[in-house]
Amino acid sequence: MWRSRPELKSRYDVVIIGGGSHGLATAYYLRQHGITDVAILEKGYIGSGAAGRNTTIIRSNYKTPEGARFYDASVKLYEKLGQDLNFNLLFSQCGHLTLAHTDRALFVMANRAEVNRLYGIDSQLVGPDEVKALAPAMYVGPDTTHPILGALYHPPGGIIRHDAVVWGFARGADEGGAEIHQHTEVTGLERTGDRITAVQTDRGRVGAGVVLNCTAGWSTLLCDMAGVQLPITTHILQACVTEPVKPFLDVVVVSSQMHVYLSQSDRGEFVMGSEIEPWTTYRTRNTLNFLQDLTRHTLELFPQLEHARLLRAWAGLCDLSPDYSPILGRTEVENFHVSAGWGTYGFKAAPIVGQTMAELVATNRVPDLIAPFELERFYTDELVSELAAAAVSH
Ligand code: PYC
């Protein structure tokens, strides 16, 4: 679907580090600004990082005005992305239910619904009867460890085929002239004064007009090479998938108290994820604790899955920033920009990251949507707290 890897040229106008959904989306949208002398450098294969390891959930019911309008813009791009890329992304806007098991959770969700609605986002608090109607197969009886008092219901939320998003953006970027260099590892960045002049790779050195760090997990290491410090710690997040079973769930179900989020894919598999691990690591192996906790909580909600076999489990790297919002846009190095610190929110932001980062590169102006997320906010103390806006406790 894209040209095979060419030789590296000695220079590109734009070098994008990271062939995940953000890097590929940025290359795709750069083409709309007429910028086509672009190389994407990916140390593994495209989509081998966070883009291929998430649980494919798309939503915009965030807590802060800055977050809500940013992710809303992303959902809107996702809605027409299949058509734009001429690629079936299997986007199912089946709705998204965040369960509330305590009065406090109901209060927080009512607040989120208010913020969401102020920005025109379809999001509302619903009671147990509506929860039952939306997910008839879910056990909602009063005799559970965590009785369901209500939920935040977000109809535009849903799931999308993550590999297809990666492949669609890759094909679109390639058609626009960008070169995709898989299995090309960045080993250093050459900085002269306030600019990055070249990128060193295990296949040689390339000069660069602008460099974008679009990696997850490795973002701090790459920023270190540029002399830029990111306030990020890296943790693993684990997920798993069952064998296909008869369809009985057509809404995404999330519970932050039970640390579980799950959906049923078009193939019938249950895709399930859990809490972020509290330790920092780059070791993407699963743990028994994860499987025990996740399956216990899932079976409380869906006892029907008792006999379903797990097909696969995996882990991905999540970069956490102090306010759980991304770090996006410019750094103190003039021509070195970042898309980092996404926690567990990165995949759902891919199209809007691509569009806004491409605009930043093309115009050298910071788009309004990403201005609140600049690295600078940690120096000016203007944090954007998305703490507790997800099923994980970040
Ligand atoms: O924020 O939607 C989310 C999410 C899904 C899995 C982890 N976080």
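In each ligand, atom 1 is the first atom listed, and ligand 1 is the first ligand listed. The shown structure was predicted, so the numbers you read here are calculated from the model rather than taken from an experiment. FYI, side chains are in, hydrogens and waters are out, and symmetry mates aren't considered; it's all heavy atoms of this structure.
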Participant: Which ligand 1 atoms are under 4.0 Å away from a heavy-atom of R59?
Facilitator: 1 (O), 2 (O), 3 (C)
Participant: For H181 and R203, does a side-chain donor sit closer than 3.5 Å to a side-chain acceptor?
Facilitator: yes
Participant: Could you note down all residue pairs passing side chain to side chain donor-acceptor pair (under 3.5 Å) where residues 303-315 supplies at least one of them, sequence neighbours left out?
Facilitator: E243-R309
Participant: H337 and T331: side-chain donor and acceptor closer than 3.5 Å?
Facilitator: no
Participant: Just distances here: any N/O of H96 and N/O of ligand 1 closer than 3.5 Å?
Facilitator: no
Participant: Can you name the atoms of ligand 1, numbered from 1 with element, that are less than 4.0 Å from a heavy atom of T55?
Facilitator: 6 (C)
Participant: Which residues pass the ring-ring contact (aromatic ring centres under 6.0 Å, His included) test with H297, sequence neighbours left out?
Facilitator: none
Participant: Testing the 3.5 Å rule here: is there a donor-acceptor pair between the side chains of E179 and Y12?
Facilitator: yes
Participant: Pick, from T98, T344, L262, the option with the minimum heavy-atom distance to atom 7 (C) of ligand 1.
Facilitator: T344
Participant: Can you find an N/O atom of K348 closer than 3.5 Å to an N/O atom of ligand 1?
Facilitator: yes
Participant: At a 4.0 Å threshold, what atoms of ligand 1 neighbour a non-hydrogen atom of Y345?
Facilitator: 1 (O)
Participant: Is it the case that over 12 heavy atoms from other parts of the model lie below 6.0 angstrom from the CZ atom of R267?
Facilitator: no
Participant: At under 4.0 Å between heavy atoms, which part of I57 makes contact with ligand 1: side chain, backbone, both or neither?
Facilitator: side chain
Participant: Heavy atom under 4.0 Å from ligand 1: found in V254's side chain, backbone, both, or neither?
Facilitator: neither
